[in-house]
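Contents: one structure, followed by commentary.
Computed from heavy atoms alone, side chains included, the values below leave out hydrogens, waters and symmetry copies. Convention: sequence-line order gives letters A, B, ...; per-chain numbering from 1.
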Protein chains: 2
Amino acid sequence: MARRSGRRPGNQDTRESILDAARLAFAEKGYDNASIRSIAGAAQVDPALVHHYFGTKEKLFLAVMNAPINPAELVPQALAGPREQAGERLVRMAIGVWDSPAGTAALAVFRSALSNEWTARLLREFVVTQVLRRAVSELVLDPDEAAMRSSLVATQIAGIMVARYVLKLEPLASADADVIAAAIGPNVQRFLTEPMPEVFKAD
Amino acid sequence: MARRSGRRPGNQDTRESILDAARLAFAEKGYDNASIRSIAGAAQVDPALVHHYFGTKEKLFLAVMNAPINPAELVPQALAGPREQAGERLVRMAIGVWDSPAGTAALAVFRSALSNEWTARLLREFVVTQVLRRAVSELVLDPDEAAMRSSLVATQIAGIMVARYVLKLEPLASADADVIAAAIGPNVQRFLTEPMPEVFKAD
DNA sequence: TGATGAGTTCAACGCTAGATGAATTCCGCG
DNA sequence: CGCGGAATTCATCTAGCGTTGAACTCATCA
């Protein structure tokens, strides 16, 4: 008995279905709480297969991230254009991305960063420092203020993610993207371009 | 050998040192990632002692929370007073609380809520719905807007916590509380009292 | 003195996790 | 046909978790 099945010719896309399941699991539960075993279960696959394809859990996570997120393209793109609505465009873009299927990967990074140290570094050092700060620099008048202003922007954007996708606070979680963008955009705009208290550039 | 030590008369405060270690661990790692064993280790105590005193991990967490946080008092108190600076007072109070030693417990709830479902419910249904929304209602002109406005406020406040205490984004993480309050307060103020787009009260 | 009970420790159970290595099946190529 | 290697499964290892129960020590009090 115990018929070991070996290769099943139809499933060439096993690897892809593992990736899909992993993306979903990481987005819903974060890096630590998404287990290889549950991912394998969702993909209807033996846990050892996951290791066969991706080696380690970290590598699986990185493989999931190498999808289509490219904040390095999206953020500057959102900030380009009329300076006065940059804030609203940024918020709208962010929500648009996360609500889309492709955004699942982005949500996975974020959720993971909240409870796992090395993914937090990933987010902090890549997305915020490299991408956001650079893009913001081109918009801000006083270069000394760029770092602090991007921090502030990050505050508001991260807050949306936490409230809407992690804590699922109502009525925000069910609100329309346009409503949110209209409500929050101006605040981000202020962080980006409005004059700020003087104490500001200290350090 | 293996001299079992039994009662050590000096340590009557063992219970307190467990509580301290637990508060710290929950604040730094969240509910799931803070293990009873590591808490016991930090308190230089046998893991079984933790159960002896607190029963279960959930009860230990609740014991940690029964400290001096009382947002039910603090939030209304911050929102009372001149309507025009309510936002700034709220931000300043929030940061003040979390930066204080007593705020470790609050940070523990928040961090835990980010990765654990039942603590998330705790935060959502108690702090946000019961406390924040009620307090905001008294400040908002149109009562239909209260829920959405508190969601928005929660966004910004949660964003500060995530960026400053969880992700530790610089320069925000090291910034002075007054600077942050001055920079972010007006945005919270807008969420509280400024006119908002019309689409707003829908649902 | 002797009993009580709180403080404390140790060992173990059952569970889940990530990871590994051997065994099996079968496609495709020579 | 025969063979190599990829795909797949199973059994297992190690490590950590929360929790339990029994054992031991000792201060206190009748």
Side-chain angles (χ1 to χ4, degrees), chain A residues 1-23 25-26 28-64 108 111-112 115-119, chain B residues 1-23 25-26 28-64 108 111-112 115-119:
Chain A
M1 54 184 58
R3 183 186 181 311
R4 297 194 173 198
S5 42
R7 187 177 196 175
R8 269 202 314 256
N11 287 0
Q12 290 302 1
D13 35 21
T14 308
R15 189 193 153 96
E16 289 309 312
S17 66
I18 293 177
L19 268 181
D20 286 345
R23 190 156 28 235
F26 284 136
E28 279 180 347
K29 319 193 236 186
Y31 182 83
D32 287 329
N33 290 348
S35 73
I36 286 198
R37 289 165 131 104
S38 75
I39 291 172
Q44 304 189 46
V45 138
D46 190 281
L49 248 194
V50 178
H51 285 98
H52 176 56
Y53 280 116
F54 300 97
T56 157
K57 190 182 181 183
E58 289 200 6
K59 287 182 189 162
L60 172 61
F61 185 80
L62 292 176
V64 159
R111 255 214 121 112
S112 301
S115 65
N116 181 278
E117 193 41 44
W118 78 269
T119 50
Chain B
M1 51 188 59
R3 183 183 181 313
R4 297 195 171 195
S5 41
R7 184 177 199 176
R8 270 203 314 255
N11 287 358
Q12 291 299 4
D13 35 19
T14 308
R15 190 193 152 98
E16 290 308 313
S17 65
I18 294 177
L19 268 181
D20 287 346
R23 190 158 26 238
F26 284 135
E28 280 180 345
K29 318 193 236 185
Y31 183 82
D32 286 329
N33 290 349
S35 73
I36 286 199
R37 289 167 133 103
S38 74
I39 291 173
Q44 305 190 48
V45 137
D46 190 280
L49 248 194
V50 179
H51 286 95
H52 176 59
Y53 281 115
F54 300 97
T56 155
K57 190 182 181 182
E58 289 200 5
K59 287 183 190 161
L60 172 61
F61 185 81
L62 292 177
V64 159
R111 256 215 120 111
S112 301
S115 64
N116 180 279
E117 193 42 43
W118 79 268
T119 50

How many Å lie between CD1 on I39(B) and C1' on dT19(D), as a whole number? 14 Å
Name all residues meeting the side-chain contact (heavy atoms from CB on, under 4.5 Å) criterion together with N116(A); count only those two or more places apart in sequence or in a different chain, and write none if there are none. Y31(A), D32(A), W118(A), T119(A)
Apply side chain to side chain contact (heavy atoms under 4.5 Å, CB included) to H51(A) and I36(A), showing your working. CA-CA 9 Å; H51(A) 285 98; I36(A) 286 198; 3.7 Å; yes
May I have the distance from K59(A) (atom NZ) to dA19(C) (atom P), rounded to whole angstrom? 10 Å
Can you tell me the distance, in whole Å, between the CG atom of N116(A) and the P atom of dA17(C)? 16 Å
Heavy atoms, side chains only, cut-off 4.5 Å: are Y53(B) and L19(B) in contact? no
Whole-Å gap separating P (dT12(D)) and CG (D46(A)): 14 Å
Measure from CD on Q44(B) to P on dT8(C) and round the result to the nearest Å. 13 Å
Whole angstrom value for the distance that separates C1' of dT9(D) from OH of Y53(A): 13 Å
Side chain of T56(B) (C-beta onward), nearest among dA19(C), dT19(D), dG21(D): dT19(D)
Identify, with sequence neighbours excluded, every residue that meets side-chain hydrogen bond (donor to acceptor under 3.5 Å, both in side chains) alongside S17(B). none
Length of the line joining L49(B):CG and dT9(C):C1', which is rounded to integer Å: 8 Å
So, is T14(A) close to the dT8(D) phosphate, meaning a side-chain N or O under 4.0 Å from OP1 or OP2? yes
Using nucleotides 13-17 of chain D, report all nitrogen or oxygen pairs with the protein that are shorter than 3.5 Å.
{"unit_1": "dC17(D)", "atom_1": "OP1", "unit_2": "S35(B)", "atom_2": "OG", "d": "2.8"}

Between F61(B) (CZ) and dG18(D) (C1'), how many Å, whole number? 16 Å
Which nucleotide sits closest to the side chain of A48(A): dG18(D), dT20(C), dT9(C)? dT20(C)
By side-chain hydrogen bond (donor to acceptor under 3.5 Å, both in side chains) - contacts of T56(A) (at least two apart): none
Sorted by chain and number, sequence neighbours left out, salt bridge (charged side-chain N to carboxylate O under 4.0 Å, His left out) with E117(B) holds for R124(B)
Apply side-chain contact (heavy atoms from CB on, under 4.5 Å) to A21(B) and list each qualifying residue two or more places apart in sequence or on a separate chain. I39(B), A42(B), A43(B)
The side chain of H52(A) is closest to which nucleotide in this list: dT9(D), dT8(D), dG21(D)? dT8(D)
